[in-house]
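Below: one structure, written as structure tokens.
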Amino acid sequence: MNETFENRANLPDKLLKPYNSQETEGPIYKMWEESGFFNPDVCIEKGVTKADAKPFTVIMPPPNANGRLHVGHALFVTLEDIMTRFNRMQGKRTLWVPGADHAGFETQIVYERKLEKEGRSRFEMTPEQLYKEIYDFTIENKKYMEDDVRRLGASCDWSREKFTLDPDIVKNVQQTFDKMFKDDLIYRGDRIVNWCSKHQTSLSEVETEYLEKADPFYYFQYGPFVIGTARPETKFGDKYVVMHPDDKRYAEFKHGDKLTVEWINGPIETTIIKDTAIDMEFGTGVMTITPWHSQVDFEIAERHGLDKEQIIDWKGKLLPIAEEFAGIHISKARPLIIEKMQSKGLVVKVDNDYKHNVKTCYKCNTVIEPQIKDQWFVKMRPLADRALEAVNAGKIKFIPNNYEKIFKYWMENTIDWNISRQIVWGIPIPAKICSKCKKGYSDPDDIMTTCDCGGELVKDTDTFDTWFSSGQWTLLALGYPDSKDVDVYHPTSVMETGHDLIFKWIPRMVIFALYLKNEIAFETVYLHGLVNDEKGQKMSKSKGNVLSPIDLSDQFGTDALRMALVVGNTPGNDLALSKDKIKAYSKFANKMWNATRFVLENIHGMDLSAPIEFDQEDQISIDELKTLIKEITQEMEEYKFYIVSEKLYHAFWDTFAGTILERCKVKITEDRNAKSAKWTLYIYLTTLVKALHPFMPFITEELWSIIPQMTEDKKLLMIESWPESV
RNA sequence: GCGGGAUUAGCUCAGUUGGUAGAGCAACUCGUUUACACCGAGAAGGUCGCAAGUUCGAGUCUUGCAUCCCGCACCA
């Protein structure tokens with residue numbers, strides 16, 4: 001009793017109280033950051049890492065500079081930090097590059113709302129003025145996101161942080177465009193885009209969503225045919241009528257036949273087109289086409305070389321081709337058109353119960369109007385072939401590996417990529433367009449004035465699709481092409497990101513690294529799933545089930561949150577995150593704290609420089625520990641963090657604290673000098689604390705600072721070596 | 001329609017090359033003798049979606065079916 005009391009007197013006060021994550025985590029992170037060891041150059045300078053050590057590189061998928069982190073971010077920070085810390089402890093030259101994303105459209109929308117509140121509008125500003133304001137706004141907000149990343153314990157090298165609109169990034173992305181233009185991999189062409197008439201921009205597929213809508217479906221008499229449509233307002237220019245070549249009902253009509261039909265504004269000449277795109281089962285099996293405002297119609301028109309006319313302008317109003325309806329917004333025009341058609345006796349019937357999916361803007365739900373627009377395109381085929389070749393040669397490993405198949409499918413079926421966006425907040429496309437013949441030129445140095453045809457060249461006002469720049473991110477984040485970091489740290493070791501990015505991001509990084517540097521972008525792709533709520537439902541603001549990682553960290557500690565995100569979370573699968581699970585790991589943190597208290601009380605005064613002695617029973621336990629370390633080291637290298645974390649949890653709680661500690665307690669009570677027992681406790685504790693460090697970096701670092709060491713030069717745990725398995 | 005995934009204890013999920021079914025949480029019983037009640041001890045809980053096949057042996061391999069989720073395509 002007395003001795004215990006005496007021993008306790010030698011322990012730091014904080015160890016005598018329950019573990020307090022809130023008091024611990026802030027100072028620990030500060031200490032790490034001030035040590036400089038997040039930077040591999042510092043590790044080499046201070047002799048922590050050998051200069052010729054193998055590099056291990058992770059590029060952080062840059063979070064939106066303008067937002068706080070959500071639990072999905074917490075998952076990627078945790079996984080990448082585990083890899084980074086593990087490899088650093090293994091003595092590799094370890095670099096994790098943080099970043100911040102300008103998040104193009106997303107941020108512009110946030111800023112537009114702000115402008116709206118202030119009674120302003122982006123349409124009253126010059127693009128340069130708007131860009132500057134959003135830039136300042138974003139840079140100002142960026143620190144909140146960075147602080148969140150710090151809170152989660154990320155051991156990334158802040159000195160190398162990159163923002164996706166840093167001037168050198170902008171310059172280098174524009175250089176890539178120029179190179180691709182000169183290599184004939186970029187061309188300008190007319191294509192259908194998803195046009196949002198509210199935001200006045202085209203949108204990529206991922207920026208649109210489908211909403212089910214019930215609309216009347218009209219059947220109109222069109223000469224000898226009855227055609228069905230849900231969009232009568234597009235029908236003014238319909239001078240082609242299309243049917244399936246095998247449709248016996250219309251066998252008497254031949255491809256290319258012309259006939260005159262009575263239509264909305266009087267008689268028009270129409271041409272018969274036969275095309276297999278027509279579904280004979282749908283409607284009457286006949287349709288008229290509007291190539292300017294429909295992807296399918298556009299493709300039919302391309303196949304047969306048909307005329308394309310714009311019917312609806314960029315604001316959603318009808319053009320002069322609509323004659324008496326010109327200038328009327330399509331939403332108002334529809335009933336007027338139907339009224340006129342009815343008066344002319346052209347309406348055959350109306351199906352009021354027609355449900356279909358309508359593409360809408362994901363931000364404002366405005367119905368997307370397909371429009372033809374002059375855009376820049378990347379020729380994907382030659383680039384995709386190289387990517388396929390690299391993956392087929394086994395140069396890139398996918399975790400889980402079924403994503404390799406998905407990747408290949410995507411690369412085999414890729415279509416040319418539209419990289420033009422009509423938003424201000426992005427990297428400007430360094431191009432000039434001829435105002436006369438519409439020909440486009442790359443002009444990054446802004447020196448061209450006259451087109452080959454003699455027309456005046458004007459600056460392209462569009463910006464790049466965000467994936468054009470983020471596709472180059474493994475290189476750009478390392479300072480390509482000027483920094484020597486590119487030579488040392490590229491190809492990167494792992495790209496860890498969400499499985500939804502298997503289409504959007506992963507292939508583009510593979511393509512650009514091969515194109516620009518003739519290297520794979522990364523050796524391994526690790527894809528995580530979504531973090532859902534405890535019932536497995538997607539977190540969303542409208543459901544009110546969104547958990548903030550920062551709140552969870554306040555409540556339970558970052559270490560507990562990290563464990564809850566990792567244990568049992570297999571790659572590629574979605575995770576159900578419950579507060580109960582996080583709470584369980586905060587109890588675990590306390591268990592570690594209390595067990596350490598017991599060990600330190602009991603080994604007090606033990607000579608740590610004396611030879612290690614184990615009796616037979618303890619030797620078996622030590623051997624088991626070595627076996628465990630061997631197993632988990634291999635599993636760490638295989639990225640099986642979900643199993644390693646669970647094994648360490650049980651090794652600490654059940655094996656160590658539950659069994660060995662109790663056994664040693666008895667021995668020490670019997671013999672105060674029980675060396676074998678004391679050494680067993682010490683070795684177990686220090687080994688498990690080390691092994692747990694990548695998962696629970698804060699509490700392990702804190703414990704490490706309290707535990708007496710065998711060697712004189714006491715280091716931070718983050719740069720200690722990973723336990724040996726021998 | 002094409003592709004991918006899932007189906008194991010009440011819930012959320014592990015289960016590596018085939019060899020007696022696992023964890024966390026929840027629920028149950030008992031216990032506060034000094035690391036820890038943010039604890040300990042104990043018990044309970046599953047025809048591994050269904051059917052067939054390969055095998056001495058199948059949660060695991062093969063085939064078919066069912067249900068669910070996700071992605072892509074289509075929607076005049």
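Computation of the quantities below employed the complete heavy-atom set of this structure, encompassing side-chain atoms and omitting hydrogens, waters and symmetry-equivalent molecules. Note on naming: letters A, B, ... go to the chains in the order of the sequence lines (proteins, then strands), and numbering restarts at 1 for each one.
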Original post:
In whole angstrom, what separates A/F588's CZ from B/C39's P?
Top reply: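 The answer, rounded to whole Å, is 12 Å.
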Subject >> A/N590 CG to B/C38 P, straight-line distance once rounded to whole Å >> reply: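 It works out to 9 Å between those atoms.
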Subject >> Distance-only donor-acceptor test, A/Q295 side-chain atoms vs B/A76 base atoms, 3.5 Å >> reply: no
Could you write out each protein N or O paired with an N or O of nucleotides 40-43 of chain B at a distance under 3.5 Å?
unit_1	atom_1	unit_2	atom_2	d
B/G40	OP1	A/K591	NZ	3.1
B/G40	OP1	A/W653	NE1	2.4

Original post:
Can you name the residues that form a side-chain contact (heavy atoms from CB on, under 4.5 Å) with A/A691, not counting sequence neighbours?
Top reply: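 Scan of A/A691 (side-chain contact (heavy atoms from CB on, under 4.5 Å), adjacent residues dropped) gives A/I629, A/I632, A/L648, A/W722, A/P723.
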Original post:
NA contact type, A/V296, heavy-atom cut-off 4.0 Å: base, sugar-phosphate, or nothing?
Top reply: sugar-phosphate
Original post:
Counting any heavy atom closer than 4.0 Å, what does A/S586 reach on the DNA or RNA strands: base, sugar-phosphate only, or nothing?
Top reply: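 Base: the residue A/S586, judged by heavy atoms under 4.0 Å, touches a nucleobase.
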**OP:** Would you give a per-nucleotide map of nucleotides 4-20 of chain B, 5' to 3', where B means the base has a protein non-hydrogen atom under 4.0 Å away, S means only the sugar-phosphate does, and - means neither?
**Re:** SS------SSSS-----
Original post:
If pairs are Watson-Crick or G-U with both distances under 3.5 Å, what is the dot-bracket string of RNA chain B, marking crossing pairs with [ ] and pairs to another strand with |?
Top reply: (((((((..((((.....[..))))..((((.......))))......(((((..]....))))))))))))....
Might you list the N or O atoms of the protein lying below 3.5 Å from N or O atoms in nucleotides 24-27 of chain B, with each pair's distance?
unit_1	atom_1	unit_2	atom_2	d
B/C25	O2'	A/D580	OD2	3.3

Original post:
Does the ring center of A/Y526 lie less than 6.0 Å from the ring center of A/F398?
Top reply: no
Original post:
Residues in side chain to side chain donor-acceptor pair (under 3.5 Å) with A/D559, at least two apart?
Top reply: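 Residues passing side chain to side chain donor-acceptor pair (under 3.5 Å) with A/D559: none at all.
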